[in-house]
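The structure appears right after this line, and notes come after that.
Reminder, nothing fancy here: chain letters follow the sequence lines and each chain counts from 1. Owing to the predicted nature of the structure, the values given are computational and were not obtained by experimental measurement.
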2 protein chains.
Amino acid sequence: MLSFAEENYLKTIYHLSEGTSNPVSTNAIADTLNTRAASVTDMIKKLSNKGVVTYQKYRGVRVSEEGQKAALQVIRKHRLWEVFLVQKLKFNWDEVHDVAEQLEHIKSPLLIRRLDEFLGYPKYDPHGDPIPDESGEFKAKPQVALSDCKIGHDGVVVAVKDASAAFLQYVDKIGAYIGAKIRVIDRLEFDGSLEILIDNKKTVFISKEVSENIWIEE
Amino acid sequence: MLSFAEENYLKTIYHLSEGTSNPVSTNAIADTLNTRAASVTDMIKKLSNKGVVTYQKYRGVRVSEEGQKAALQVIRKHRLWEVFLVQKLKFNWDEVHDVAEQLEHIKSPLLIRRLDEFLGYPKYDPHGDPIPDESGEFKAKPQVALSDCKIGHDGVVVAVKDASAAFLQYVDKIGAYIGAKIRVIDRLEFDGSLEILIDNKKTVFISKEVSENIWIEE
DNA sequence: TGTGTTTTTTAGGCTTGTCTAAAACACATG
DNA sequence: CATGTGTTTTAGACAAGCCTAAAAAACACA
Ligand SMILES: [Mn+2]
Ligand SMILES: [Mn+2]
Ligand SMILES: [Mn+2]
Ligand SMILES: [Mn+2]
(Lines give C-alpha, C1' and ligand atoms only; values in the text may rest on other atoms or scores of the structure.)
(Ligands and ions follow the chains in the order given, each with its own letter.)
Protein backbone atom coordinates (compact mmCIF):
# COMPACT_ATOMS: atom_id res chain seq x y z
CA MET A 1 0.00 0.00 0.00
CA LEU A 2 1.40 3.38 -1.02
CA SER A 3 1.14 6.48 1.18
CA PHE A 4 -0.26 9.77 -0.10
CA ALA A 5 3.26 11.12 -0.58
CA GLU A 6 4.40 7.99 -2.39
CA GLU A 7 1.39 8.14 -4.71
CA ASN A 8 2.13 11.78 -5.51
CA TYR A 9 5.75 11.10 -6.36
CA LEU A 10 4.86 8.07 -8.45
CA LYS A 11 2.19 9.95 -10.38
CA THR A 12 4.60 12.80 -11.03
CA ILE A 13 7.31 10.45 -12.28
CA TYR A 14 4.77 8.76 -14.52
CA HIS A 15 3.63 12.09 -16.00
CA LEU A 16 7.21 13.27 -16.53
CA SER A 17 7.92 10.00 -18.37
CA GLU A 18 5.03 10.43 -20.78
CA GLY A 19 6.19 10.93 -24.33
CA THR A 20 9.86 10.15 -23.72
CA SER A 21 11.86 6.99 -23.17
CA ASN A 22 14.42 8.80 -21.05
CA PRO A 23 14.63 8.37 -17.31
CA VAL A 24 13.21 11.19 -15.18
CA SER A 25 15.67 13.49 -13.39
CA THR A 26 15.67 14.23 -9.70
CA ASN A 27 15.42 17.96 -10.32
CA ALA A 28 12.45 17.63 -12.64
CA ILE A 29 10.56 15.80 -9.90
CA ALA A 30 11.60 18.32 -7.26
CA ASP A 31 10.46 21.22 -9.47
CA THR A 32 7.07 19.64 -10.17
CA LEU A 33 6.37 18.78 -6.55
CA ASN A 34 7.93 21.91 -5.06
CA THR A 35 10.28 19.88 -2.91
CA ARG A 36 14.08 19.70 -2.79
CA ALA A 37 16.31 17.33 -4.71
CA ALA A 38 17.45 15.71 -1.46
CA SER A 39 13.85 14.86 -0.55
CA VAL A 40 13.33 13.37 -3.99
CA THR A 41 16.38 11.14 -3.66
CA ASP A 42 15.08 9.88 -0.32
CA MET A 43 11.67 9.10 -1.75
CA ILE A 44 13.05 7.46 -4.89
CA LYS A 45 14.87 4.98 -2.69
CA LYS A 46 11.63 4.09 -0.92
CA LEU A 47 9.74 3.70 -4.20
CA SER A 48 12.58 1.62 -5.59
CA ASN A 49 12.52 -0.68 -2.55
CA LYS A 50 8.79 -1.12 -3.09
CA GLY A 51 9.43 -2.07 -6.71
CA VAL A 52 7.35 0.66 -8.33
CA VAL A 53 10.32 2.42 -9.92
CA THR A 54 13.73 1.34 -11.16
CA TYR A 55 16.62 3.51 -10.25
CA GLN A 56 20.32 3.86 -10.82
CA LYS A 57 22.22 6.41 -8.81
CA TYR A 58 22.85 9.58 -10.77
CA ARG A 59 21.08 8.04 -13.77
CA GLY A 60 17.48 9.01 -13.13
CA VAL A 61 14.39 6.95 -12.41
CA ARG A 62 11.86 4.97 -14.45
CA VAL A 63 8.39 3.71 -13.52
CA SER A 64 8.23 -0.11 -13.38
CA GLU A 65 5.42 -2.19 -14.87
CA GLU A 66 3.85 -2.46 -11.43
CA GLY A 67 4.42 1.23 -10.76
CA GLN A 68 2.70 2.18 -13.98
CA LYS A 69 -0.35 0.20 -12.94
CA ALA A 70 -0.45 1.98 -9.59
CA ALA A 71 0.11 5.41 -11.17
CA LEU A 72 -2.70 4.84 -13.67
CA GLN A 73 -5.11 3.94 -10.89
CA VAL A 74 -4.35 7.21 -9.12
CA ILE A 75 -4.80 9.09 -12.41
CA ARG A 76 -8.05 7.20 -13.00
CA LYS A 77 -9.36 8.33 -9.64
CA HIS A 78 -8.21 11.91 -10.15
CA ARG A 79 -9.99 12.21 -13.48
CA LEU A 80 -13.18 10.44 -12.42
CA TRP A 81 -13.48 12.79 -9.46
CA GLU A 82 -12.97 15.75 -11.81
CA VAL A 83 -15.83 14.53 -13.96
CA PHE A 84 -17.98 14.12 -10.86
CA LEU A 85 -17.22 17.63 -9.67
CA VAL A 86 -18.02 19.22 -13.03
CA GLN A 87 -20.98 17.12 -14.10
CA LYS A 88 -22.71 16.47 -10.80
CA LEU A 89 -21.61 19.26 -8.50
CA LYS A 90 -21.44 22.04 -11.12
CA PHE A 91 -17.84 22.99 -10.51
CA ASN A 92 -16.08 24.98 -13.21
CA TRP A 93 -13.21 23.17 -14.87
CA ASP A 94 -10.73 25.52 -13.24
CA GLU A 95 -11.98 24.62 -9.73
CA VAL A 96 -11.60 20.86 -9.80
CA HIS A 97 -7.90 20.07 -9.88
CA ASP A 98 -6.94 20.88 -6.29
CA VAL A 99 -9.91 19.00 -4.85
CA ALA A 100 -9.17 16.03 -7.11
CA GLU A 101 -5.59 16.07 -5.82
CA GLN A 102 -7.07 15.22 -2.43
CA LEU A 103 -9.81 12.84 -3.57
CA GLU A 104 -7.44 10.76 -5.71
CA HIS A 105 -5.90 9.29 -2.55
CA ILE A 106 -9.10 7.85 -1.08
CA LYS A 107 -8.69 4.08 -0.84
CA SER A 108 -11.80 2.14 -1.77
CA PRO A 109 -12.04 0.01 -4.90
CA LEU A 110 -15.81 -0.22 -4.47
CA LEU A 111 -16.10 3.55 -4.29
CA ILE A 112 -14.29 4.15 -7.53
CA ARG A 113 -16.12 1.37 -9.37
CA ARG A 114 -19.48 2.77 -8.26
CA LEU A 115 -18.43 6.33 -9.05
CA ASP A 116 -17.46 5.26 -12.57
CA GLU A 117 -20.84 3.58 -12.99
CA PHE A 118 -22.67 6.60 -11.54
CA LEU A 119 -20.95 8.86 -14.07
CA GLY A 120 -21.77 6.55 -16.98
CA TYR A 121 -18.22 5.31 -17.58
CA PRO A 122 -16.79 8.55 -18.96
CA LYS A 123 -13.79 8.22 -21.29
CA TYR A 124 -12.40 11.75 -20.85
CA ASP A 125 -12.08 14.21 -18.00
CA PRO A 126 -13.17 17.87 -18.17
CA HIS A 127 -9.80 18.87 -19.64
CA GLY A 128 -9.90 16.26 -22.41
CA ASP A 129 -7.51 13.83 -20.75
CA PRO A 130 -8.37 10.13 -21.12
CA ILE A 131 -9.58 8.14 -18.10
CA PRO A 132 -7.87 4.76 -17.64
CA ASP A 133 -10.19 1.83 -16.93
CA GLU A 134 -9.76 -0.60 -14.03
CA SER A 135 -6.97 -2.42 -15.80
CA GLY A 136 -5.19 0.79 -16.78
CA GLU A 137 -6.25 0.89 -20.43
CA PHE A 138 -7.05 4.23 -22.01
CA LYS A 139 -7.08 5.89 -25.40
CA ALA A 140 -6.18 9.52 -25.90
CA LYS A 141 -7.81 11.32 -28.78
CA PRO A 142 -5.29 11.91 -31.61
CA GLN A 143 -4.23 15.47 -31.00
CA VAL A 144 -1.67 18.13 -31.74
CA ALA A 145 -0.69 21.32 -29.91
CA LEU A 146 -1.59 24.61 -31.57
CA SER A 147 2.11 25.46 -31.30
CA ASP A 148 2.82 22.58 -33.71
CA CYS A 149 0.17 23.51 -36.27
CA LYS A 150 0.94 25.10 -39.61
CA ILE A 151 -0.67 28.38 -40.53
CA GLY A 152 -4.09 27.74 -41.99
CA HIS A 153 -4.52 24.49 -40.10
CA ASP A 154 -7.78 24.15 -38.18
CA GLY A 155 -9.57 21.76 -35.87
CA VAL A 156 -11.60 21.31 -32.72
CA VAL A 157 -10.10 21.71 -29.24
CA VAL A 158 -9.88 18.26 -27.60
CA ALA A 159 -7.67 18.91 -24.60
CA VAL A 160 -5.90 21.51 -22.50
CA LYS A 161 -2.66 20.54 -20.81
CA ASP A 162 -2.28 22.96 -17.93
CA ALA A 163 -4.44 22.43 -14.84
CA SER A 164 -3.91 25.83 -13.23
CA ALA A 165 -6.96 27.94 -12.56
CA ALA A 166 -5.27 30.97 -14.10
CA PHE A 167 -4.72 29.20 -17.42
CA LEU A 168 -8.18 27.64 -17.55
CA GLN A 169 -9.89 30.92 -16.76
CA TYR A 170 -7.96 32.53 -19.59
CA VAL A 171 -9.04 29.76 -21.96
CA ASP A 172 -12.61 30.33 -20.81
CA LYS A 173 -12.28 34.04 -21.43
CA ILE A 174 -11.11 33.70 -25.03
CA GLY A 175 -13.73 30.97 -25.61
CA ALA A 176 -11.33 28.17 -26.55
CA TYR A 177 -13.35 25.54 -24.65
CA ILE A 178 -13.18 21.88 -25.49
CA GLY A 179 -15.23 21.55 -28.65
CA ALA A 180 -14.45 25.05 -29.90
CA LYS A 181 -13.24 25.30 -33.51
CA ILE A 182 -9.85 26.93 -33.92
CA ARG A 183 -7.99 28.09 -37.03
CA VAL A 184 -4.36 29.18 -36.93
CA ILE A 185 -4.26 32.49 -38.78
CA ASP A 186 -0.68 33.58 -38.31
CA ARG A 187 2.47 32.97 -36.31
CA LEU A 188 4.88 35.66 -35.17
CA GLU A 189 8.34 34.17 -35.63
CA PHE A 190 9.80 36.62 -33.09
CA ASP A 191 8.23 35.05 -30.03
CA GLY A 192 6.23 32.15 -31.43
CA SER A 193 2.93 33.76 -30.53
CA LEU A 194 -0.14 32.92 -32.62
CA GLU A 195 -3.12 34.67 -34.08
CA ILE A 196 -6.08 32.30 -34.02
CA LEU A 197 -9.71 32.40 -35.09
CA ILE A 198 -12.14 30.93 -32.57
CA ASP A 199 -15.46 29.42 -33.67
CA ASN A 200 -15.30 31.49 -36.87
CA LYS A 201 -16.21 34.47 -34.74
CA LYS A 202 -13.31 36.21 -33.13
CA THR A 203 -9.60 36.55 -33.59
CA VAL A 204 -7.25 36.33 -30.62
CA PHE A 205 -3.52 36.58 -30.11
CA ILE A 206 -2.09 33.93 -27.82
CA SER A 207 1.42 33.46 -26.49
CA LYS A 208 3.61 30.52 -27.47
CA GLU A 209 3.16 29.09 -23.99
CA VAL A 210 -0.62 29.18 -24.27
CA SER A 211 -0.43 27.60 -27.74
CA GLU A 212 1.60 24.71 -26.30
CA ASN A 213 -1.21 23.96 -23.87
CA ILE A 214 -4.21 23.96 -26.20
CA TRP A 215 -4.52 20.82 -28.30
CA ILE A 216 -6.80 20.19 -31.25
CA GLU A 217 -7.85 16.97 -32.94
CA GLU A 218 -5.34 15.58 -35.36
CA MET B 1 -5.78 24.14 9.86
CA LEU B 2 -6.08 20.76 11.58
CA SER B 3 -4.31 17.64 10.30
CA PHE B 4 -6.15 14.37 9.67
CA ALA B 5 -4.92 13.00 12.99
CA GLU B 6 -5.93 16.15 14.86
CA GLU B 7 -9.41 16.05 13.30
CA ASN B 8 -9.82 12.41 14.32
CA TYR B 9 -8.85 13.08 17.92
CA LEU B 10 -11.06 16.14 18.11
CA LYS B 11 -14.05 14.31 16.67
CA THR B 12 -13.52 11.45 19.10
CA ILE B 13 -13.31 13.79 22.09
CA TYR B 14 -16.48 15.52 20.90
CA HIS B 15 -18.37 12.22 20.60
CA LEU B 16 -17.16 11.03 24.01
CA SER B 17 -18.40 14.32 25.49
CA GLU B 18 -21.91 13.93 24.10
CA GLY B 19 -24.49 13.46 26.80
CA THR B 20 -22.21 14.22 29.74
CA SER B 21 -20.74 17.35 31.23
CA ASN B 22 -17.67 15.50 32.51
CA PRO B 23 -14.28 15.89 30.92
CA VAL B 24 -13.10 13.04 28.68
CA SER B 25 -10.41 10.72 29.99
CA THR B 26 -7.16 9.92 28.26
CA ASN B 27 -7.87 6.20 28.32
CA ALA B 28 -11.32 6.58 26.79
CA ILE B 29 -9.77 8.39 23.84
CA ALA B 30 -7.01 5.82 23.51
CA ASP B 31 -9.53 2.97 23.54
CA THR B 32 -11.72 4.57 20.89
CA LEU B 33 -8.85 5.38 18.55
CA ASN B 34 -6.85 2.23 19.22
CA THR B 35 -3.83 4.22 20.28
CA ARG B 36 -1.92 4.36 23.56
CA ALA B 37 -2.52 6.74 26.43
CA ALA B 38 0.91 8.31 25.91
CA SER B 39 0.04 9.18 22.31
CA VAL B 40 -3.22 10.72 23.48
CA THR B 41 -1.43 12.93 26.00
CA ASP B 42 0.92 14.14 23.25
CA MET B 43 -1.96 14.97 20.94
CA ILE B 44 -4.06 16.63 23.66
CA LYS B 45 -1.21 19.07 24.20
CA LYS B 46 -1.17 19.96 20.53
CA LEU B 47 -4.94 20.41 20.42
CA SER B 48 -4.80 22.48 23.57
CA ASN B 49 -2.11 24.74 22.06
CA LYS B 50 -4.36 25.22 19.04
CA GLY B 51 -7.23 26.21 21.33
CA VAL B 52 -9.69 23.53 20.25
CA VAL B 53 -9.71 21.76 23.63
CA THR B 54 -9.16 22.84 27.21
CA TYR B 55 -7.02 20.63 29.32
CA GLN B 56 -5.81 20.26 32.88
CA LYS B 57 -3.17 17.68 33.60
CA TYR B 58 -4.64 14.52 35.10
CA ARG B 59 -8.10 16.10 34.93
CA GLY B 60 -9.22 15.16 31.44
CA VAL B 61 -10.05 17.23 28.40
CA ARG B 62 -13.00 19.27 27.13
CA VAL B 63 -13.81 20.54 23.64
CA SER B 64 -13.71 24.35 23.41
CA GLU B 65 -16.30 26.48 21.65
CA GLU B 66 -14.02 26.71 18.64
CA GLY B 67 -13.21 23.00 18.82
CA GLN B 68 -16.88 22.11 18.82
CA LYS B 69 -17.38 24.10 15.65
CA ALA B 70 -14.50 22.28 13.98
CA ALA B 71 -15.67 18.86 15.22
CA LEU B 72 -19.19 19.47 13.93
CA GLN B 73 -17.88 20.35 10.49
CA VAL B 74 -15.99 17.06 10.32
CA ILE B 75 -19.11 15.23 11.47
CA ARG B 76 -21.15 17.13 8.88
CA LYS B 77 -18.81 15.99 6.15
CA HIS B 78 -18.76 12.41 7.39
CA ARG B 79 -22.55 12.16 7.38
CA LEU B 80 -23.08 13.94 4.08
CA TRP B 81 -20.64 11.56 2.40
CA GLU B 82 -22.50 8.62 3.95
CA VAL B 83 -25.72 9.89 2.44
CA PHE B 84 -24.00 10.29 -0.92
CA LEU B 85 -22.61 6.76 -0.82
CA VAL B 86 -25.97 5.21 0.05
CA GLN B 87 -28.30 7.34 -2.05
CA LYS B 88 -26.19 7.98 -5.13
CA LEU B 89 -23.66 5.16 -5.24
CA LYS B 90 -25.94 2.39 -3.89
CA PHE B 91 -23.71 1.41 -1.00
CA ASN B 92 -25.30 -0.58 1.80
CA TRP B 93 -25.42 1.22 5.14
CA ASP B 94 -22.84 -1.16 6.55
CA GLU B 95 -20.30 -0.28 3.82
CA VAL B 96 -20.15 3.47 4.19
CA HIS B 97 -18.46 4.23 7.49
CA ASP B 98 -14.85 3.37 6.65
CA VAL B 99 -14.95 5.28 3.37
CA ALA B 100 -16.57 8.26 5.09
CA GLU B 101 -13.75 8.18 7.65
CA GLN B 102 -11.45 9.03 4.76
CA LEU B 103 -13.72 11.43 2.87
CA GLU B 104 -14.47 13.50 5.98
CA HIS B 105 -10.94 14.94 5.86
CA ILE B 106 -11.15 16.41 2.36
CA LYS B 107 -10.69 20.16 2.63
CA SER B 108 -12.97 22.16 0.35
CA PRO B 109 -15.81 24.30 1.62
CA LEU B 110 -17.20 24.56 -1.92
CA LEU B 111 -17.22 20.79 -2.29
CA ILE B 112 -19.23 20.20 0.83
CA ARG B 113 -21.68 23.01 0.08
CA ARG B 114 -22.30 21.63 -3.40
CA LEU B 115 -22.54 18.07 -2.12
CA ASP B 116 -25.17 19.15 0.40
CA GLU B 117 -27.11 20.87 -2.38
CA PHE B 118 -26.73 17.86 -4.69
CA LEU B 119 -28.16 15.60 -2.00
CA GLY B 120 -31.11 17.93 -1.34
CA TYR B 121 -29.96 19.17 2.08
CA PRO B 122 -30.53 15.91 3.98
CA LYS B 123 -31.18 16.23 7.71
CA TYR B 124 -30.17 12.68 8.72
CA ASP B 125 -27.53 10.20 7.64
CA PRO B 126 -28.24 6.56 6.75
CA HIS B 127 -27.96 5.55 10.41
CA GLY B 128 -30.41 8.17 11.63
CA ASP B 129 -27.82 10.58 12.98
CA PRO B 130 -28.50 14.29 12.41
CA ILE B 131 -26.37 16.24 9.92
CA PRO B 132 -25.13 19.61 11.24
CA ASP B 133 -25.56 22.56 8.88
CA GLU B 134 -22.79 24.95 7.89
CA SER B 135 -23.02 26.78 11.19
CA GLY B 136 -23.07 23.55 13.19
CA GLU B 137 -26.78 23.52 14.00
CA PHE B 138 -28.61 20.20 14.02
CA LYS B 139 -31.62 18.57 15.57
CA ALA B 140 -31.69 14.92 16.58
CA LYS B 141 -35.04 13.16 16.48
CA PRO B 142 -36.37 12.61 20.05
CA GLN B 143 -35.39 9.04 20.66
CA VAL B 144 -34.89 6.35 23.25
CA ALA B 145 -32.86 3.14 23.24
CA LEU B 146 -34.79 -0.12 23.22
CA SER B 147 -32.86 -1.01 26.35
CA ASP B 148 -34.59 1.89 28.12
CA CYS B 149 -38.13 1.04 26.97
CA LYS B 150 -40.73 -0.52 29.21
CA ILE B 151 -42.34 -3.80 28.21
CA GLY B 152 -45.22 -3.10 25.88
CA HIS B 153 -43.70 0.14 24.60
CA ASP B 154 -43.51 0.49 20.85
CA GLY B 155 -42.28 2.87 18.18
CA VAL B 156 -40.43 3.29 14.90
CA VAL B 157 -36.66 2.83 14.62
CA VAL B 158 -35.05 6.24 14.05
CA ALA B 159 -31.37 5.55 14.61
CA VAL B 160 -28.72 2.90 15.18
CA LYS B 161 -25.71 3.84 17.26
CA ASP B 162 -23.01 1.38 16.23
CA ALA B 163 -21.31 1.89 12.89
CA SER B 164 -19.67 -1.53 12.60
CA ALA B 165 -20.51 -3.62 9.56
CA ALA B 166 -21.14 -6.65 11.78
CA PHE B 167 -23.79 -4.84 13.81
CA LEU B 168 -25.50 -3.24 10.82
CA GLN B 169 -25.65 -6.53 8.94
CA TYR B 170 -27.27 -8.11 11.96
CA VAL B 171 -29.83 -5.31 12.11
CA ASP B 172 -30.49 -5.87 8.41
CA LYS B 173 -30.94 -9.56 8.99
CA ILE B 174 -33.57 -9.19 11.70
CA GLY B 175 -35.25 -6.44 9.69
CA ALA B 176 -34.93 -3.64 12.24
CA TYR B 177 -34.17 -1.02 9.59
CA ILE B 178 -34.77 2.63 10.14
CA GLY B 179 -38.53 3.03 9.80
CA ALA B 180 -39.34 -0.46 11.07
CA LYS B 181 -41.96 -0.67 13.84
CA ILE B 182 -40.77 -2.33 17.02
CA ARG B 183 -42.68 -3.48 20.12
CA VAL B 184 -40.91 -4.59 23.25
CA ILE B 185 -42.53 -7.91 24.19
CA ASP B 186 -40.46 -9.03 27.12
CA ARG B 187 -37.20 -8.46 28.99
CA LEU B 188 -35.10 -11.18 30.59
CA GLU B 189 -33.87 -9.72 33.85
CA PHE B 190 -31.01 -12.22 33.98
CA ASP B 191 -28.99 -10.66 31.14
CA GLY B 192 -31.11 -7.72 30.03
CA SER B 193 -31.90 -9.32 26.68
CA LEU B 194 -35.18 -8.41 24.95
CA GLU B 195 -37.88 -10.12 23.01
CA ILE B 196 -39.17 -7.72 20.36
CA LEU B 197 -41.81 -7.79 17.66
CA ILE B 198 -40.68 -6.30 14.35
CA ASP B 199 -43.18 -4.76 11.91
CA ASN B 200 -45.98 -6.78 13.56
CA LYS B 201 -44.55 -9.78 11.76
CA LYS B 202 -41.81 -11.57 13.55
CA THR B 203 -40.50 -11.97 17.06
CA VAL B 204 -36.76 -11.81 17.72
CA PHE B 205 -34.57 -12.09 20.79
CA ILE B 206 -31.85 -9.47 20.98
CA SER B 207 -29.00 -9.06 23.45
CA LYS B 208 -28.81 -6.14 25.85
CA GLU B 209 -25.92 -4.73 23.84
CA VAL B 210 -27.95 -4.76 20.64
CA SER B 211 -30.89 -3.15 22.43
CA GLU B 212 -28.63 -0.32 23.56
CA ASN B 213 -27.80 0.45 19.95
CA ILE B 214 -31.25 0.49 18.39
CA TRP B 215 -33.21 3.66 19.11
CA ILE B 216 -36.88 4.34 18.48
CA GLU B 217 -38.81 7.61 18.36
CA GLU B 218 -39.75 8.96 21.73
C1' DT C 1 -5.44 8.58 56.73
C1' DG C 2 -2.27 5.29 54.77
C1' DT C 3 -1.54 2.15 51.11
C1' DG C 4 -2.16 -0.42 47.03
C1' DT C 5 -4.16 0.05 42.39
C1' DT C 6 -5.27 2.51 38.35
C1' DT C 7 -4.68 6.36 35.42
C1' DT C 8 -1.94 9.73 33.34
C1' DT C 9 2.24 11.86 32.18
C1' DT C 10 7.14 11.91 31.10
C1' DA C 11 11.26 10.17 28.95
C1' DG C 12 13.23 8.35 25.23
C1' DG C 13 12.96 6.11 20.74
C1' DC C 14 11.21 4.99 15.92
C1' DT C 15 9.29 6.06 11.09
C1' DT C 16 7.86 9.16 7.49
C1' DG C 17 8.63 13.04 5.01
C1' DT C 18 10.73 17.15 4.83
C1' DC C 19 14.82 20.51 4.98
C1' DT C 20 20.00 22.70 4.49
C1' DA C 21 24.80 22.19 3.71
C1' DA C 22 28.44 19.62 2.02
C1' DA C 23 30.38 15.98 -0.73
C1' DA C 24 30.38 13.15 -4.86
C1' DC C 25 29.49 12.63 -9.48
C1' DA C 26 28.42 13.70 -14.54
C1' DC C 27 29.08 16.29 -18.36
C1' DA C 28 30.19 20.13 -21.44
C1' DT C 29 33.84 22.94 -22.94
C1' DG C 30 38.34 24.29 -24.21
C1' DC D 1 41.57 14.99 -21.19
C1' DA D 2 41.54 18.35 -17.53
C1' DT D 3 38.52 21.47 -15.38
C1' DG D 4 34.69 23.98 -14.04
C1' DT D 5 29.67 23.93 -13.55
C1' DG D 6 25.49 21.97 -12.57
C1' DT D 7 23.16 17.83 -10.76
C1' DT D 8 22.59 14.32 -7.47
C1' DT D 9 23.53 12.09 -3.28
C1' DT D 10 24.88 11.96 1.55
C1' DA D 11 24.97 13.67 6.23
C1' DG D 12 22.65 15.51 9.76
C1' DA D 13 18.56 17.75 11.60
C1' DC D 14 13.59 18.53 12.59
C1' DA D 15 8.29 18.01 13.14
C1' DA D 16 4.39 14.89 13.34
C1' DG D 17 2.58 10.92 15.07
C1' DC D 18 3.17 6.91 17.03
C1' DC D 19 5.33 3.47 20.53
C1' DT D 20 7.25 1.21 25.34
C1' DA D 21 8.80 1.66 29.97
C1' DA D 22 9.09 4.20 34.03
C1' DA D 23 7.64 7.91 37.08
C1' DA D 24 4.03 10.68 39.05
C1' DA D 25 -0.54 11.68 40.35
C1' DA D 26 -5.21 10.40 41.50
C1' DC D 27 -8.30 7.31 43.40
C1' DA D 28 -10.36 3.58 46.25
C1' DC D 29 -10.95 1.58 50.41
C1' DA D 30 -9.39 -0.51 54.60
MN1 LIG E 1 -6.41 17.59 -12.55
MN1 LIG F 1 -7.91 16.87 -15.65
MN1 LIG G 1 -20.14 6.75 10.09
MN1 LIG H 1 -23.52 7.49 10.23
Side-chain angles (χ1 to χ4, degrees), chain A residues 1-14 16-17 20-63 67 70-71 74 101-102 104-107, chain B residues 1-14 16-17 20-63 67 70-71 74 101-102 104-107:
Chain A
M1 182 109 312
L2 299 178
S3 68
F4 283 27
E6 287 168 338
E7 286 187 342
N8 282 333
Y9 274 93
L10 182 60
K11 193 181 58 151
T12 298
I13 298 167
Y14 174 86
L16 290 171
S17 306
T20 97
S21 59
N22 295 328
V24 176
S25 80
T26 301
N27 268 353
I29 300 166
D31 286 353
T32 309
L33 289 173
N34 286 306
T35 57
R36 300 315 177 114
S39 311
V40 173
T41 301
D42 284 349
M43 181 56 89
I44 284 174
K45 286 182 194 160
K46 287 173 204 161
L47 294 176
S48 181
N49 286 333
K50 293 203 175 189
V52 291
V53 302
T54 56
Y55 168 57
Q56 275 186 297
K57 261 195 202 176
Y58 294 104
R59 287 277 118 107
V61 66
R62 285 190 152 88
V63 177
V74 178
E101 283 294 312
Q102 299 178 62
E104 73 188 5
H105 301 294
I106 302 290
K107 264 97 180 168
Chain B
M1 181 108 315
L2 299 178
S3 68
F4 283 25
E6 287 168 338
E7 285 187 343
N8 282 333
Y9 274 94
L10 182 60
K11 192 181 58 151
T12 298
I13 298 166
Y14 174 86
L16 291 170
S17 307
T20 96
S21 60
N22 295 327
V24 176
S25 80
T26 301
N27 269 353
I29 299 166
D31 286 353
T32 309
L33 288 174
N34 287 305
T35 56
R36 299 313 178 116
S39 310
V40 173
T41 301
D42 284 351
M43 181 57 89
I44 284 173
K45 286 182 193 159
K46 287 173 204 161
L47 293 176
S48 181
N49 286 334
K50 293 203 174 187
V52 291
V53 303
T54 56
Y55 168 59
Q56 276 186 296
K57 261 196 203 175
Y58 294 101
R59 286 276 118 104
V61 66
R62 285 191 152 87
V63 177
V74 177
E101 283 294 313
Q102 299 179 62
E104 72 187 6
H105 302 293
I106 302 290
K107 265 98 181 168

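Here B:E104 pairs with B:K11, B:H78 under the side chain to side chain donor-acceptor pair (under 3.5 Å) rule; sequence neighbours left out. In this structure, A:K57 has no salt bridge (charged side-chain N to carboxylate O under 4.0 Å, His left out) partners at least two apart in sequence or on a different chain. Residues satisfying the side chain to side chain donor-acceptor pair (under 3.5 Å) test with A:K107, not counting sequence neighbours, are A:E7.
Listed by first then second residue, pairs satisfying salt bridge (Lys or Arg N to Asp or Glu O under 4.0 Å) with a partner in residues 33-52 of chain B read B:E6-B:K50, not counting sequence neighbours.
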Requested in this report: Give the C-alpha distance, both sets of side-chain angles, the deciding distance and a yes or no for side-chain contact (heavy atoms from CB on, under 4.5 Å) between B:L10 and B:L2.
Outcome: CA-CA 9 Å; B:L10 182 60; B:L2 299 178; 3.8 Å; yes
Requested in this report: Begin from the C-alpha positions of A:V40 and A:T35 and carry the test side-chain contact (heavy atoms from CB on, under 4.5 Å) through to its verdict.
Outcome: CA-CA 7 Å; A:V40 173; A:T35 57; 3.7 Å; yes
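Looking at heavy-atom distances under 4.0 Å, B:F4 makes no contact with the nucleic acid at all.
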Show me the donor-acceptor pairs, under 3.5 Å and distance only, between side chains in residues 21-32 of chain A and residues at least two apart or in other chains.
unit_1, atom_1, unit_2, atom_2, d
A:S25, OG, A:A28, N, 3.1
A:T32, OG1, A:A28, O, 2.8

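Aromatic ring pairs are classed by plane angle as parallel below 30°, tilted from 30° to 60° and perpendicular above 60°; the pair A:H105 and A:F4 is parallel.
Inter-residue side-chain proximity for A:Y55 and A:T41 is flagged as met; some heavy-atom pair is nearer than 4.5 Å. Contact annotation: the side chain of B:I106 approaches that of A:I106 to within less than 4.5 Å [non-hydrogen atoms, C-beta and beyond]. Counting heavy atoms from C-beta on, the side chains of A:R62 and A:I13 never come closer than 4.5 Å. In this structure, B:V53 and B:Y9 have side chains that are not in contact, with every pair of non-hydrogen atoms separated by 4.5 Å or more.
Residue B:E7 contributes atom CD, which lies 11 Å from atom P of D:dG17 at whole-angstrom precision. A:R36 has its CZ atom 18 Å from the P atom of D:dC14, to the nearest Å. Atom pair B:L33:CG and D:dC19:C1' shows a separation of 15 Å (rounding to whole Å applied).
At a non-hydrogen distance threshold of 4.0 Å, A:Y58, A:R59 from residues 48-61 of chain A come into contact with DNA chain C. DNA chain D lies under 4.0 Å from at least one heavy atom of each of the following residues of residues 37-47 of chain B: B:A38, B:S39, B:D42, B:M43, B:K46.
Taking 4.0 Å as the cutoff to heavy atoms of chain A, we find the contact window on DNA chain C bounded by C:dT16 to C:dC27.
Base-pairing analysis of DNA chain D finds the following stems of at least three consecutive Watson-Crick or G-U pairs, with both pairing distances under 3.5 Å: C:1-30 with D:1-30.
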